[in-house]
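In the text below, chain A, chain B and the rest are named by the order of the sequence lines, each starting its count at 1.
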Amino acid sequence: MNSNIKEEVTILFAGDSGDGIQLTGSQFTNTAALLGNDISTFPNFPAEIRAPQGTLAGVSGFQLHFGSIELFTPGDSCDVLVVMNAAALKANLKQLKKGGTIIANTDGFDSKNLRLANYPDGINPLENESLDNFKVTLIDLTKLTRECLKDSGLGTKDMDRSKNMFILGYIYWLYNRNLDNTIDFLKAKFKKRQDLIDANIKVLQAGFNFGETCESTATIEVKPAKLEKGTYRSIMGNQATALGLIAAAQKSGLTLFYGTYPITPASDILHELSKYKNHGVKTFQAEDEIAAICASIGASFGGSLGVTASSGPGIALKGEAIGLAFMLELPLVIVNVQRGGPSTGLPTKTEQADLMQALYGRNGEASIPVIAASTPTDCFDAVFEATRIAVEHMTPVIFLSDGFIANGAEPWKFPKSSDLKEIKPVFAKEYTSENKEKFLPYKRDEKLSRKWAIPGIKGLEHRIGGIEKEHETGNISYDPDNHEFMVKLRAEKTQKVADYIPLQAIDSGKDKGKVLVLGWGSPYGAIKTAVKSLISEGYEVSHAHLRYLNPFPKNLGEILNNFDKVLIPEINDGQLVILIRSKYLKDAIRLNKIKGLPFTVDEIKSKIIEIYPN
Amino acid sequence: MNSNIKEEVTILFAGDSGDGIQLTGSQFTNTAALLGNDISTFPNFPAEIRAPQGTLAGVSGFQLHFGSIELFTPGDSCDVLVVMNAAALKANLKQLKKGGTIIANTDGFDSKNLRLANYPDGINPLENESLDNFKVTLIDLTKLTRECLKDSGLGTKDMDRSKNMFILGYIYWLYNRNLDNTIDFLKAKFKKRQDLIDANIKVLQAGFNFGETCESTATIEVKPAKLEKGTYRSIMGNQATALGLIAAAQKSGLTLFYGTYPITPASDILHELSKYKNHGVKTFQAEDEIAAICASIGASFGGSLGVTASSGPGIALKGEAIGLAFMLELPLVIVNVQRGGPSTGLPTKTEQADLMQALYGRNGEASIPVIAASTPTDCFDAVFEATRIAVEHMTPVIFLSDGFIANGAEPWKFPKSSDLKEIKPVFAKEYTSENKEKFLPYKRDEKLSRKWAIPGIKGLEHRIGGIEKEHETGNISYDPDNHEFMVKLRAEKTQKVADYIPLQAIDSGKDKGKVLVLGWGSPYGAIKTAVKSLISEGYEVSHAHLRYLNPFPKNLGEILNNFDKVLIPEINDGQLVILIRSKYLKDAIRLNKIKGLPFTVDEIKSKIIEIYPN
Amino acid sequence: MNVETNIQKPLTAKDFTSDQEVRWCPGCGDYSILKQVQSVLPEIGLKREEIVFISGIGCSSRFPYYMETYGMHSIHGRATAIASGLKATRPELSVWIITGDGDAMSIGGNHFIHLLRRNFNVNVLLFNNEIYGLTKGQYSPTSPAGKITKSSPHGSVDHPFNPLALTLGADGTFIARSMDRDPKHLREILLRANKHQGTSMVEIYQNCNVFNDGAFEIFTEKSSKKNETIFIEQGKPLIFGENNDKGIKLDGFKPVIVDLKSDNVSENDLWIHDENDRGKASILVRFFDNHQATGHLPRPFGIFYQEDRSCYEDDFKMQIEKASMEKENESLDSLLAGRNTWTIN
Amino acid sequence: MNVETNIQKPLTAKDFTSDQEVRWCPGCGDYSILKQVQSVLPEIGLKREEIVFISGIGCSSRFPYYMETYGMHSIHGRATAIASGLKATRPELSVWIITGDGDAMSIGGNHFIHLLRRNFNVNVLLFNNEIYGLTKGQYSPTSPAGKITKSSPHGSVDHPFNPLALTLGADGTFIARSMDRDPKHLREILLRANKHQGTSMVEIYQNCNVFNDGAFEIFTEKSSKKNETIFIEQGKPLIFGENNDKGIKLDGFKPVIVDLKSDNVSENDLWIHDENDRGKASILVRFFDNHQATGHLPRPFGIFYQEDRSCYEDDFKMQIEKASMEKENESLDSLLAGRNTWTIN
Ligand SMILES: Cc1ncc(C[n+]2csc(CCOP(=O)(O)OP(=O)(O)O)c2C)c(N)n1
Ligand SMILES: Cc1ncc(C[n+]2csc(CCOP(=O)(O)OP(=O)(O)O)c2C)c(N)n1
Ligand code: SF4
Ligand code: SF4
Ligand SMILES: [Mg+2]
Ligand SMILES: [Mg+2]
């Protein structure tokens, strides 16, 4: 048996939602990660829970990019396409590199499946010349699985459910992985059903053996990546957001209260957090998004760290209450895991089209800080930072993630809790014989933020509300000059956050050059890969990536002026570009993709080359 | 008796909310208007229904500017200040021109009133030298009124209630007006109480006689204005909006359905419309703003003209549903009578701070047309136009008004119904033996708008919704390319409205010059007056006023380039300026006032002079 | 399709089936409800174009796409509000609201109760699967306390709504319960719901076999159905049990199960179902959530309550007609002119 | 103010009065409710800093500004939701929700019913004036049908909510009614509401003398009060009338007025009020809106229903405590590491 060494491989698993594709994909991911590969994943769900079996609409995909080099995207196209049925092949063939490998479950290509996948009558792609440019491996999964389990005593339904383990075993063989991690997983998952544990392990091993015995192709070796030294785990964006919130609460000495209403793709944060009651995490599933944010405001008023989360449509509903939080000047983190819009849009797909809503989606002058995460692991750092700003600056903060990074996974060199920054809430103090200062609820410090006065403390009794308030006292005031003063003061308070954040750095490339690619959010990996690749080809191109969308880092204008051209790629119709043009009067160029899918590296490279000044 | 002739006079009536200030002011307004003066008014309410009597917070004001020349604002400051009590004087004295007239009810300056108005102990401004620079007329209203009614048989409470008629009578005398209009009004108002009719008329006449007998000052004459020929009425902005909607519905051949939830300062549109059931107007007071817009969407789906209205906080709640209407591509007019924000803000004060919310206050890419009215009478034309766009382009449209123009009044040369443009809805046709075309709900015409297919028509059965839809068929589609295509198509559809609206005109001044003042909404009058005045002083300054905020008129960029500088005055912290800078990369200068009050002419003049290029 | 000839033929379920592929999970209870609705409509005798289905968001809310009628799949929780505007302006249409336990009673709770009090003449089919299906399995406002779901790994601490009690409290005028697995019963209830003038609220127990499989098993499975359910019919005594051998009697305000064989009771002593008695209905809707007070009771299916009350859209229309008659001749021009005008020459 | 000595003195109503000028219209019923609350709190014996008043928007919702406690004047309809978050995290605080008929039941209807079902231990004071006061006089969800207001010049066509029936339908555990003009009664009800563990819903009839003057006159004016009201007390028969000469009897589920003098009835035949009987409560809350069915009945005041059910915040807390005990030692570091890590050297 010989083994080819490769730097990086992209596998796309595809099949029906019921085929266990997501599980297969994430098992392989975990194993690859544990063996030290860099990874980047992209699950791609259908909108239905279980769309009709065998149809194009029902195809679920899981793309995994792993390698011995640093990776920043799940891959533009794949080296290996694993398909459980005809629809999966049809929907994904265009993703496969020329000469790539197809591993197909022949059983999913019977006449019914072919019809459901809209192949013309009598045409089976596995049987004609249409796949001649690819390497095709055919496996009759159902037959082999049933065969393997014929003595298990299981019914056929149960038997067939473990088909995906056969494929997984086979792929493990192909990439020289061992089965231990998945075996452990199966033992935990089916804790109470020894028969299923046995069956699944058996099929997994059968798949592995199938590779070893029946296949002549060589296995492929992908060595561990030379990542920074340290201890790693694999993590998805929504998990990282959940952990970031827990960590931020602990580093603030606050209780985390998470008020939310389920919505795709934000719900997994709730699912994750609700597991951590033992960390004192309070999750509250409210009756709707308005109640969710209002309950979180109530919790913040009471001295907890109030957090609320949703996706675009739910954030739209929270607009009025965000305005209230802004007037109350209480800490509040508002998480928006963006999805395809507008309206219900494309719930399971990704988009970055809620930036303007984050900035302006409420009545009146109510500018609040906006922070965006750029990768799955960055969700941890960015939401931690969002919390820091909320708590230390006594303000609601919007944290933007999106479906792509929320569900994507990558290796995470997780921090030690002792290395995390302390977050320092500033509480008003009890009125005592030492502290005789009269408490003024809207008196401000140098950050222009007021103190947090928690019910229960004697002498701090006070009333707050959404009506315009008098400077310092917080009493209702209709005075015209006071209103203007307060509007400007609140605006300045938000802008002042810029004094407490790092200056914008250049991510790749030089400080000056011909083209700056300015990004925000999830296109990070694609931009980084594209820019690095062009730099190595000699282009004077740089990449800067914004975490702070409001306020912008103070040196951003300066950076923009150091480049002939600025390109802004966004998964929307051009939103950051509006802000940059307006603020800096810079004729930034837009690159927009609005397909519910992340950018490919190629798309960004071509655009840079297209606009590159001669 | 001699009589001075004046071109224009500004009177400010001020007193407690219970003093009948708004009624006194509007009676004088109507009489002045009926006699052919141009008028412009500015009522200024406290936020409480009846704030505590005698306090500064309880002062209600009504400013009236009338003249024999064309007027565009209620006046920067007043010639005559009528005050019913000490608080009214204290709150408004700074509004009075040097040498102006104060007419004070001495009865409102007893020690209790002085204390409530926060005058220092023992200080009565009517009795010291503080008012030496003004002409002061003192009237003991309570005494005189009670005197006059001593034989009426009324109780003192009822007697005192007619105090305001005494002042009104006196002012009528001062400005040489006759009492007929108000007498008619009183007869109608107290239809069922002859005793009150008699009493009020008696007091009114007593006030008039008081002027004639006791006063040595001359009366003042303000001749009718040389307005354009025609028949006029006086109208407030909210009334004009209501009539505009009724007219637009009739000219479209549609039933008007107005779904709303009360909120200041939009509620008066509901009150007005609910009187017109005899015109088939359907007003629906919903349980909240979300239900209001949704019911209107339902009505539009059923073939009515769905309209919904609110103010800032309520509009924030409608964001998600606006997104739905945008996806459904149904006509819908969304009225926002803006008020001071953010959050509950200053409910009874004016502001223009919801422009960005109108453009971006919802998730995803959902750009819809935005139209703003600039004066009370313009509310009619602008909302008519908003309706035309909604109906002919099958789209939700946001119509922006604000508290200032909503409650302000001016003479209106109202149109004949036959002179109003027809609005032409495009309905899908029944499937018959002649019309055999298969109905495609999202098939578009040259305006890119789809046809309106009303339930009840055979063969047009179809389903619409908020999920992304396939081009033309409207079926649910998750196809990536279709999504991008549809997002761009919908954006283009909105931009296409620019082909069906007039080019931007210059309101005052030349096509080219040194400074262009670009306005939108209610600062119209102040800008116009300022610019005209500076033009007459030789400045090369022009005024353009935007009715269409999205899309902009096609020639706007060109206009901007014809001036050295562009100044954008707004009653907010600078919102239009963001859009103009972004779209045209023009370094527009902002002038912002955020006091819940309209601009004065002087504020705009000074700013123009300040930035005027030498 | 030939238009002319089509008019004559009576419609069939197939005529109400759209060309869109049905995309619920295999085995989902929604299929059977869809089938019943499609087969009941021809019987009702309405034309396709007179019918509108309006839904919110949720698995159940995909329903309108499968109906060859007018339809709208709107936003989460708002179908009731949208239907209100439609019905207010188009009272002649037959309007059906399709909603889920989350859609109607969580995010849509407010519009739901206001719809009921206004009593629009619409039919609400509430697919209650005691779970959020579309978002993959969180507890809903009807999930029992303690329920373990994705968002409540330690069990839900929420006391659930009783949907029918809530409906009664909001002055609903037609309150019924049926289930996906009893097509015949569902069919009858749908027919009655359609007949009722006012808001017909039909709670339908619906099995979500992916995230909450078996929630209603004891009511639907042969082995337990007879003992765990009671089918209530107007004017009939409350009888249930394997051999129709158990009855329910009222002891003051307390329902008591009696054994029709061994006890000394006859059918005449039993609670006679009266749809029009709100007092009785308020006890009947509580058959299940207060075991301590009442002991274990079978779950009722059928029409709990029915009341004639005027419908919003009728009063709404009448008021406009009356106003139009009173001031018939006022033209748009006189409206624009108002009462006080002056002329400048 | 000297801190140390202050601790000893018992608080008075004045200690609960903030320095903000009260800004309701002269004569508004809100004044008297404010006064009662300020004078009841010292009796309850809580410290000022332990109390939080949360309101929405409306005239009534200005209330917190006048209380020298912690307070929030929030946004329209959301006080209930905000209070839920506060109480869930700070169960030891005494939380009072101040709301109006519009605030609670129109825009706030959804949070209101969910608060009730979750049974947070808070007190809801619903100032029902059957009108929108702050927006200057539109009909509200409790205005009677036909009501002429600014937004209904031809009379409202809305069938109103019965607030207490709605509360019962939403599984409220404490349901009471009182009025601004009977300070003594209001005071007692407030004390009981405070004692109840769970959501205490107190409807308070409040006169808006500017936009809806006299809405409750027959219940508050001496001349009619005795005949038009009935004050219900636990364990006591339902008796009312000028000379306590009328009683109410139950005829099946139907309440019937009997003359205690002329008829042949004794007090023993009368309906004995039982706060814990939900069946009876469901009839009692309907005393007024169904004249056809029941004839004219006096309006009840007092506690209609009371039930002990666990409070959300307690279960919420317990679950966390239990989980923390079970997995006590898990550190943040182990959480960050998760279950599968690998190391690169
Ligand atoms: C504004 C908004 N919030 C949340 C969601 C996410 N969401 C969609 S359906 C649903 C609940 C579905 O439950 P249910 O109404 O019971 O319907 P089912 O799927 O069980 O039929 C939720 C929370 C959404 N689409 N929109
Ligand atoms: C989102 C929003 N919608 C509408 C309003 C306007 N508004 C303020 S109070 C109110 C109703 C007041 O009625 P109620 O709750 O009965 O209180 P009351 O004034 O009668 O005490 C309304 C409609 C608002 N402030 N915010
Ligand atoms: S998730 Fe449940 S309710 Fe939704 S389609 Fe699947 S089985 Fe039906
Ligand atoms: S409007 Fe009515 S409820 Fe509001 S303060 Fe005045 S009297 Fe009270
Ligand atoms: Mg459900
Ligand atoms: Mg009220």
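- Your options are G361(A), S477(A), G319(A), G312(A), and the one with the most heavy-atom pairs under 4.5 Å with chain B is G312(A).
- No part of R339(B) comes within reach of chain A, as not one of its non-hydrogen atoms sits under 4.5 angstrom from that chain.
- Contacts of I315(B) with chain A are absent, with no heavy-atom separation under 4.5 Å from either backbone or side chain.
- Between A316(B) and R362(A), the closest heavy-atom pair is CB-CA, 4.5 Å.
- Heavy atoms of Y478(B) lying under 4.5 Å from chain A belong to its backbone as well as its side chain.
- The closest side-chain heavy-atom distance from L585(B) to D587(A) is below 4.5 Å.
- Heavy-atom distances place no part of Q338(B) under 4.5 Å from chain A, backbone and side chain included.
- Scanning residues 346-353 of chain B against chain A with a 4.5 Å heavy-atom cutoff picks out L346(B), E351(B), A353(B), ordered by number.
- Taking NZ of K595(A) as the start and CD of E484(B) as the end, the distance is 5.0 Å to the nearest 0.5 Å.
- Ranked by heavy-atom pairs under 4.5 Å with chain A, the first of M486(B), E320(B), Q575(B) is E320(B).
- Using a 4.5 Å cut-off between heavy atoms, K318(B) does not touch chain A at all.
- Residue contact with chain B, scored on non-hydrogen atoms closer than 4.5 Å, is absent for K469(A).
- Looking at K583(B), the atoms closer than 4.5 Å to chain A (heavy atoms on both sides) all sit in the backbone: N, CA, C or O.
- Summarising the geometry, atom CG belonging to N363(B) is positioned 8.0 Å from atom CG belonging to N336(A); distances are rounded to the nearest 0.5 Å.
- Going from atom OG of S343(A) over to atom CG of L328(B) covers 7.0 Å, rounded to the nearest 0.5 Å.
- Separation of atoms OH (Y584(B)) and CZ (R581(A)) is listed at 11.0 Å; rounding is to 0.5 Å.
- Only the side chain of I290(B) comes within contact range of chain A, with at least one heavy atom under 4.5 Å from a heavy atom of that chain.
- The distance from the NE2 atom of H483(A) to the CD1 atom of I594(B) is 7.0 Å, given to the nearest 0.5 Å.
- Of the inter-residue distances, the one linking S582(B) atom OG with I578(A) atom CD1 reads 5.5 Å to the nearest 0.5 angstrom.
- Interface summary for chain B: among L56(A), N572(A), L597(A), the most heavy-atom pairs under 4.5 angstrom belong to N572(A).
- Only the side chain of A491(B) comes within contact range of chain A, with heavy atoms under 4.5 Å apart.
- Between chain B and the residues A57(A), G596(A), G345(A), A358(A), the most heavy-atom pairs under 4.5 angstrom are made by G345(A).
- Interface remark: S367(B) contributes no atoms to any contact with chain A (heavy atom separation under 4.5 Å).
- Across G341(A), P342(A), G323(A), the residue that shares the most heavy-atom pairs under 4.5 angstrom with chain B is P342(A).
- Although no hydrogens or angles enter the test, the distance criterion places a donor-acceptor pair under 3.5 Å between the side chain of E365(B) and the main chain of D573(A).
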